[in-house]
2 protein chains.
Amino acid sequence: MTRSEENYIKTIFHIGRQGKEAVSTNSIAEQMDTKPSSVTDMVKKLAEKDLVNYKKYQGVSLTEMGNKIALGVIRKHRLWEVFLVEKLDFSWDEVHEVAEQLEHIKSDKLIDRLDRLLKYPKYDPHGDPIPDKDGGFEERDEILLSEVPVGGGGICVGVKDSSASFLKFLDKNNIGLGDHIQVLEIEEFDGSLLIGIGENQKQISHQIAANLYIKLKEE
Amino acid sequence: MTRSEENYIKTIFHIGRQGKEAVSTNSIAEQMDTKPSSVTDMVKKLAEKDLVNYKKYQGVSLTEMGNKIALGVIRKHRLWEVFLVEKLDFSWDEVHEVAEQLEHIKSDKLIDRLDRLLKYPKYDPHGDPIPDKDGGFEERDEILLSEVPVGGGGICVGVKDSSASFLKFLDKNNIGLGDHIQVLEIEEFDGSLLIGIGENQKQISHQIAANLYIKLKEE
DNA sequence: TACTATATTTAGTCTTAGCTAAATATTTGT
DNA sequence: ACAAATATTTAGCTAAGACTAAATATAGTA
């Protein structure tokens with residue numbers, strides 16, 4: 001697997017939920033900041049290797065094998081992110097770029113030992129689950145804060161958008177994973193929310209709420 | 001800098017002592033397991049970028065800039081080796097391959113923080129010095145065990161050959177960095193040595209001795 | 001349903017970094 | 001000093017992965 005092949009596989013996985021859905025040539029091109037024609041070329045090559053299912057004009061999905069590879073790359077990416085935050089004191093908005101490089105390092109031993117060093121973490125710094133060695137996923141039952149009705153609330157467990165700008169915004173506003181959040185009011189006009197977070201109250205836009213994952217309080 | 005360019009620069013540095021000496025096209029090709037014609041191509045490209053001094057048929061040396069880049073790559077390589085051994089329990093014969101990949105990761109912050117995590121090590125697991133951020137080297141006054149006269153001795157501080165096979169041999173024979181070694185006899189016939197190592201005595205070939213660096217006991 | 005807009009693929013080109021074979025320099029040995 | 005051996009460079013080819021422009025398929029709408 002070349003670096004480039006791995007990146008295509010990973011992107012196909014991310015766009016079609018877990019690579020099961022067929023995704024369009026254009027969506028891949030857009031996501032990877034490349035041209036549709038380049039995507040077609042690569043997709044043909046991946047189809048040759050039985051990593052994707054591809055029929056002209058019908059979109060692409062991952063095969064069993066392709067899925068395994070995607071999960072492997074994602075596992076590496078997320079473990080490195082944990083490493084960068086836990087061991088090297090990176091902030092959660094700084095890790096992505098570097099992890100994009102580190103995820104392509106080839107060494108099973110390296111990644112197993114890294115996993116051990118980090119004490120087998122289940123989630124990365126953005127709350128995304130880390131696949132285990134066999135590609136097993138721990139899906140959480142979480143919903144977006146924008147879906148929580150007035151009066152409801154829970155623990156903030158993840159972000160949907162993990163762009164640096166969003167993460168920096170959260171830092172600036174003292175919103176982080178593990179925080180207890182309650183929805184106090186929803187503004188009819190623009191969908192903005194008044195939330196209780198810890199001891200404080202805050203007004204946040206609908207867009208913010210639509211990018212925070214909440215685990216509802218049990219029972 | 002592409003990965004390939006970095007590897008050429010690094011090789012030129014290693015062959016000509018610190019890149020000062022002009023090295024031949026063929027020696028680069030041999031070291032990198034590639035063809036002389038490929039070396040010529042790349043060397044021209046590096047000369048364009050002012051990273052090497054190159055005159056047709058006269059060999060190659062590093063410029064100031066080329067030297068800086070070489071030291072940066074070597075710094076990264078050796079720091080990663082320390083990380084693999086210290087934090088992930090790799091053995092010293094396993095680190096090279098993985099470090100060859102890790103040395104090309106681009107992030108100043110990453111390498112500075114890694115340095116800090118490892119407590120600013122001065123030497124890698126094979127006893128080779130780690131350049132500091134500005135390319136500063138701490139050269140040790142060390143000599144090869146094969147150069148030590150009968151009766152002399154000191155501390156084993158490094159290996160010249162760091163191939164996996166040699167390092168495994170040393171492990172098998174309980175010879176490691178930090179060991180105190182004394183030369184008791186040198187066999188005329190084949191140059192093999194009888195050495196005292198800790199409490200024990202051992203017979204080793206000239207070839208082994210010619211690949212162990214010794215720091216002579218002071219005064 | 002037919003026409004138009006959009007999505008996708010094909011064909012041909014470029015760059016990087018390799019290669020082989022042939023040409024040319026340099027070095028060495030007598 | 002000159003021929004033979006060796007080292008190096010040049011020329012032309014290849015594969016991966018990208019691009020542009022042109023061709024073709026699909027989808028949306030009147």
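A, B, ... follow the sequence lines: proteins, then strands. Residue 1 opens every chain.
One can place CG of A:Leu46 at 13 Å from P of C:dT9, the figure rounded to the nearest angstrom. Spacing between atom CG of B:Asp41 and atom P of C:dC19 amounts to 10 Å, rounded to whole angstrom units. Rounded to whole Å, the distance from CD1 on A:Ile28 to C1' on D:dA18 is 16 Å. Rounded to whole angstrom, the span from the NZ atom of B:Lys44 across to the P atom of D:dT10 amounts to 4 Å. In this structure, A:Lys55 atom NZ and C:dT9 atom P are separated by 13 Å, rounded to whole Å. The distance from atom CD of B:Gln58 to atom C1' of C:dA25 is 9 Å, rounded to the nearest whole Å. In this structure, the CG atom of A:Asn7 is 17 Å from the P atom of D:dA16, given to the nearest Å. Put simply, CZ on A:Arg3 is 15 Å from C1' on C:dT16, counting in whole angstrom units.
Distance alone, capped at 3.5 Å, is enough to place a donor-acceptor pair between the A:Arg140 side chain and the A:Gly127 backbone.
Using a 4.0 Å heavy-atom criterion, one finds that A:Thr40 contacts the bases of the nucleic acid, with or without backbone contacts as well.
Using cut-offs of 30° and 60° on the angle between ring planes, the pair A:Trp92 and A:His126 is parallel.
Phosphate proximity of C:dT9 to A:Thr25: present, with a side-chain N or O under 4.0 Å from OP1 or OP2. At C:dT6, none of the side-chain N or O atoms of A:Tyr57 fall inside 4.0 Å of OP1 or OP2 (strictly under the cut-off). Considering only side-chain N and O atoms, B:Asn26 lies nowhere under 4.0 angstrom from the phosphate OP1 or OP2 of D:dT6.
Judged as a salt bridge (charged side-chain N to carboxylate O under 4.0 Å, His left out), the pairs with a partner in residues 49-59 of chain A (not counting sequence neighbours) are, in order, A:Glu5-A:Lys49.
Taking 4.5 Å as the limit, some side-chain heavy atom of A:Tyr213 sits within range of a side-chain heavy atom of A:Leu144.
Of the residues in residues 30-38 of chain A, A:Thr34, A:Lys35, A:Ser37, A:Ser38 come within less than 4.0 Å of DNA chain D through at least one heavy atom, sorted by number.
Among the duplex regions that DNA chain C forms, those built from at least three successive Watson-Crick or G-U pairs under 3.5 Å are C:1-30 with D:1-30, ordered by first number.
Ionic pairing of A:Glu6 and A:Lys106 is present here: one or more N-O contacts between side-chain nitrogen and carboxylate oxygen are shorter than 4.0 angstrom. Taking a cutoff of 4.0 Å between a charged side-chain nitrogen and a carboxylate oxygen, B:Glu81 and B:Lys76 do not qualify as a salt bridge. A salt bridge links A:Glu103 with A:Lys10: the closest approach of a Lys/Arg side-chain nitrogen to an acidic carboxylate oxygen falls below 4.0 angstrom.
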Which is it for A:Glu94 and B:Arg113 under the salt bridge (Lys or Arg N to Asp or Glu O under 4.0 Å) test, yes or no, and what are the steps along the way?
-> CA-CA 13 Å; A:Glu94 297 172 319; B:Arg113 294 291 174 88; 5.6 Å; no

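When the options A:Asp134, A:Asp115, A:Asp132 are evaluated for a salt bridge (charged side-chain N to carboxylate O under 4.0 Å, His left out) with A:Arg75, the one that passes is A:Asp115.
Considering only the side chain of B:Tyr54, D:dT9 comes nearest among C:dT10, D:dT9, D:dT26.
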